[in-house]
2 protein chains.
Amino acid sequence: MKYAVGVDLGGTSIKAALVEHGVGLVHQTAVPTDAEKGPEAVLDRIEEVVRAMEAVCPDGCAAGVGIGVPGSVNWERTTLIRPANLPGWGVIDVRATLQHRLGRDLPVVVENDASAAALGSAHYGVGKPFDSFIMITLGTGVGGAIIYKNTIFRGTSGAAGEIGHMSIDYDGPASRQGVPGAVEAYIGQRFLSHHARYRLLGRPHSRIHEIGGPDLEDLTPKLLHTAAVEGDENAQGMLAWAGHKLGAVLGSVINLLDIRKVVVGGGVSAADDMILDPAREAIRVYTMPTVREGVEIVRETRGNEVGMLGAAHLVFELLDDSA
Amino acid sequence: MKYAVGVDLGGTSIKAALVEHGVGLVHQTAVPTDAEKGPEAVLDRIEEVVRAMEAVCPDGCAAGVGIGVPGSVNWERTTLIRPANLPGWGVIDVRATLQHRLGRDLPVVVENDASAAALGSAHYGVGKPFDSFIMITLGTGVGGAIIYKNTIFRGTSGAAGEIGHMSIDYDGPASRQGVPGAVEAYIGQRFLSHHARYRLLGRPHSRIHEIGGPDLEDLTPKLLHTAAVEGDENAQGMLAWAGHKLGAVLGSVINLLDIRKVVVGGGVSAADDMILDPAREAIRVYTMPTVREGVEIVRETRGNEVGMLGAAHLVFELLDDSA
């Protein structure tokens, strides 16, 4: 049980790694997802990367395969259910399919990608010192997961952790899932770009207009960050606005769970303390005094690696339990 | 381990019961809290009710004492920390004090009152069919607790469950703890009365003015309910408004935890479906489609009894674990 394969299935690419238990990544690879070609093509790609990682396994054979997937999974962790970014997918038992393709009953564990990333952070990333923490991933969407006593808190059906769809304003703008005031509708990449463009269009003397073009049509959180670092106050204000929204939802989560450590992963988090410092300030406002002490937000510095590490770790957890 | 004493320490009265394991209340009593006389007087009252319940115990001696308290407790469940409604309390180790007063090392477990009520509901109340549920208590404050796999989810320090202080509007009115948009600042008894008075003052032809007086100075949630039952549309609208806020916060909790059963306890819940039906509607709006199925809100019909039952059950849990 020394090695396992960790797969991070994304909408545009599939990343896979061979992971050594308690040590980390040994080999890794990535291929395009080919999502538009449908589920069979995607499953071909998954099989391909798994075989590639098994082929480089020092002791000849990995103990199993963990797969982080962009959507809901069933309680048994076998099946990915109607992922938004994989057209034509429906409900597919990924474990059975992969076992059939590989011709072996090797252990396969399927888990939501944010939860897999959180588990990776807990055992190989900045989450290591914390036995419980909240993971929030800032990207196209806003993902979340709960690590409680070193493992994933799954709720009653395996769907727990959807921080991005928690409402911070009962009368606010709707997320992709239709929830009014969902925090994703403020700080999800597309929404944040949209809010920023709307607010900054009227301020033509911003530095952001020099780098983002006159119409700001290609305004991304990354561009915002660049302008903010270069001293553009409007861009800084926009990231602080986003940080405030992040802090508001985290305050609610901390009040509810009394879990006071937060690990932030994903793309927008490249904005770092430009977003996180205002979030820290907001958390003080939105938490009760009784849970305010010891609150900490840290950025996951291992980036996307934690997704693969956590996916592989699911296999180690499974085999530990059955041992 | 057949009997234990369950105590519900409130700001105005102390209720206590002798509880038979798996059966329910055998005897009960209540005394005034005498909170204004300070902690020693309150501890006198607790000792008094515990002795009274032990005296009627059929097999001579209760297995221990569980106490639900109005505030935060420490992880070890011995100590009540600075309760808002008990003047001069500070930090008191209730277990040690009570053991000393009784002259015996009998098991004493101290737990937050909403968590105790939730445990009581889980084992003796309407929560019995659910292995996991969210408890929300509507009263002066809005309390909350999480039952996960038949026991209390305590977080990292024992303070989990503060649903009342979760924000449903980052820019909204502040709760007693200063959290902007905390749901308590909408549906806590005093806040709800205040909102209702403000809204209904301008509608002098409401039935509510006949029963609440011209200035509506004594408007309570109970009065609102009476007027609503009698057909007053303004009062009905106000309870629906409250239910919508309740549903908004429950939607966020369900998205985060994937726990889809909700038990509502406490005083305002007397308003029943006048509040809960709008809450049910709102939950559909504020939850993701993936966690919407199977959502259920039920009212705890055993009222305050679940607080004492749950407090006593803490003793049974403790002794089960150590057995």
Side-chain angles (χ1 to χ4, degrees), chain A residues 71-72 81-82 130-134 144 146 148-149 153-172 174-183 186 244-245 247-249 251-261 282 285-291 293-294, chain B residues 71-72 81-82 130-134 144 146 148-149 153-172 174-183 186 244-245 247-249 251-261 282 285-291 293-294:
Chain A
S72 299
I81 302 159
R82 284 182 284 275
F130 313 138
D131 79 344
S132 303
F133 62 88
I134 299 150
I146 301 162
Y148 186 61
K149 297 190 188 296
F153 178 91
R154 303 189 67 212
T156 56
S157 79
E162 288 292 357
I163 296 172
H165 297 277
M166 292 174 73
S167 176
I168 57 169
D169 178 1
Y170 62 82
D171 215 13
S175 67
R176 293 174 300 166
Q177 306 275 2
V179 175
V183 73
Y186 298 84
H244 179 253
K245 306 301 167 281
V249 78
S252 284
V253 174
I254 292 168
N255 285 336
L256 181 64
L257 299 180
D258 179 25
I259 294 178
R260 310 182 191 187
K261 308 299 180 187
V285 175
Y286 292 95
T287 44
M288 297 176 66
T290 43
V291 292
E293 204 178 307
Chain B
S72 300
I81 303 160
R82 282 182 285 275
F130 313 139
D131 80 344
S132 303
F133 63 89
I134 299 151
I146 303 162
Y148 186 61
K149 297 190 188 299
F153 178 90
R154 302 191 66 213
T156 57
S157 79
E162 288 292 357
I163 296 172
H165 297 276
M166 292 176 72
S167 176
I168 58 169
D169 179 359
Y170 61 81
D171 216 12
S175 67
R176 293 174 301 166
Q177 307 275 3
V179 174
V183 74
Y186 299 85
H244 179 253
K245 305 302 167 282
V249 78
S252 283
V253 173
I254 293 168
N255 286 334
L256 180 64
L257 298 181
D258 179 26
I259 294 178
R260 309 181 193 189
K261 308 300 180 187
V285 175
Y286 292 94
T287 45
M288 300 177 63
T290 43
V291 292
E293 204 178 307

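The chains referred to below are lettered A, B, ... by the order of the sequence lines, with proteins before strands, and numbering in each begins at 1.
Note: A/Pro180 leads A/Ser132, A/Pro180, A/Ser72 in heavy-atom pairs under 4.5 Å with chain B. Top candidate by heavy-atom pairs under 4.5 Å with chain A, chosen from B/Gly161, B/Gly247, B/Gly144, B/Gly294, is B/Gly161.
Residue A/Thr287 touches chain B through its backbone alone, counting heavy-atom pairs closer than 4.5 Å. For A/Lys149, the part sitting under 4.5 Å from any heavy atom of chain B is the side chain, from C-beta outward, and nothing else. Heavy-atom distances place both the backbone and the side chain of B/Ala159 under 4.5 Å from chain A. Residue contact with chain B, scored on non-hydrogen atoms closer than 4.5 Å, involves the backbone and the side chain of A/Val285 alike. Within the 4.5 angstrom heavy-atom criterion, only side-chain atoms of B/Lys245, from C-beta onward, approach chain A. Only the side chain of B/Ile146 comes within less than 4.5 Å of a heavy atom in chain A; its backbone stays farther off. With a 4.5 angstrom heavy-atom cutoff, A/Ala160 touches chain B via backbone and side-chain atoms both.
Put simply, CD on A/Gln177 and CG on B/Asn255 are 9.0 Å apart, with the number rounded to the nearest 0.5 Å. To the nearest 0.5 Å, the span separating OH on A/Tyr148 from CZ on B/Phe153 amounts to 4.5 Å. Taking OG1 from B/Thr156 and NZ from A/Lys261, the interatomic distance works out to 8.0 Å, rounded to the nearest 0.5 Å.
The shortest distance between side-chain heavy atoms of A/Asp171 and B/Asp169 does not fall below 4.5 Å.
For A/Asp258, the side-chain hydrogen bond (donor to acceptor under 3.5 Å, both in side chains) test picks out A/Arg260, B/Ser157, with sequence neighbours left out. Every side-chain hydrogen bond (donor to acceptor under 3.5 Å, both in side chains) that B/Tyr286 has, sequence neighbours left out, goes to B/His244.
Between B/Tyr170 and A/Tyr186, the ring-plane angle classifies as perpendicular under the 30° and 60° cut-offs.
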- prompt: Under the side chain to side chain contact (heavy atoms under 4.5 Å, CB included) criterion, do B/Leu257 and A/Leu256 qualify, and how do the steps go?
  reply: CA-CA 10 Å; B/Leu257 298 181; A/Leu256 181 64; 4.0 Å; yes
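Heavy-atom minimum distance, B/Ser167 versus A/Ser252: N-OG, 2.9 Å.
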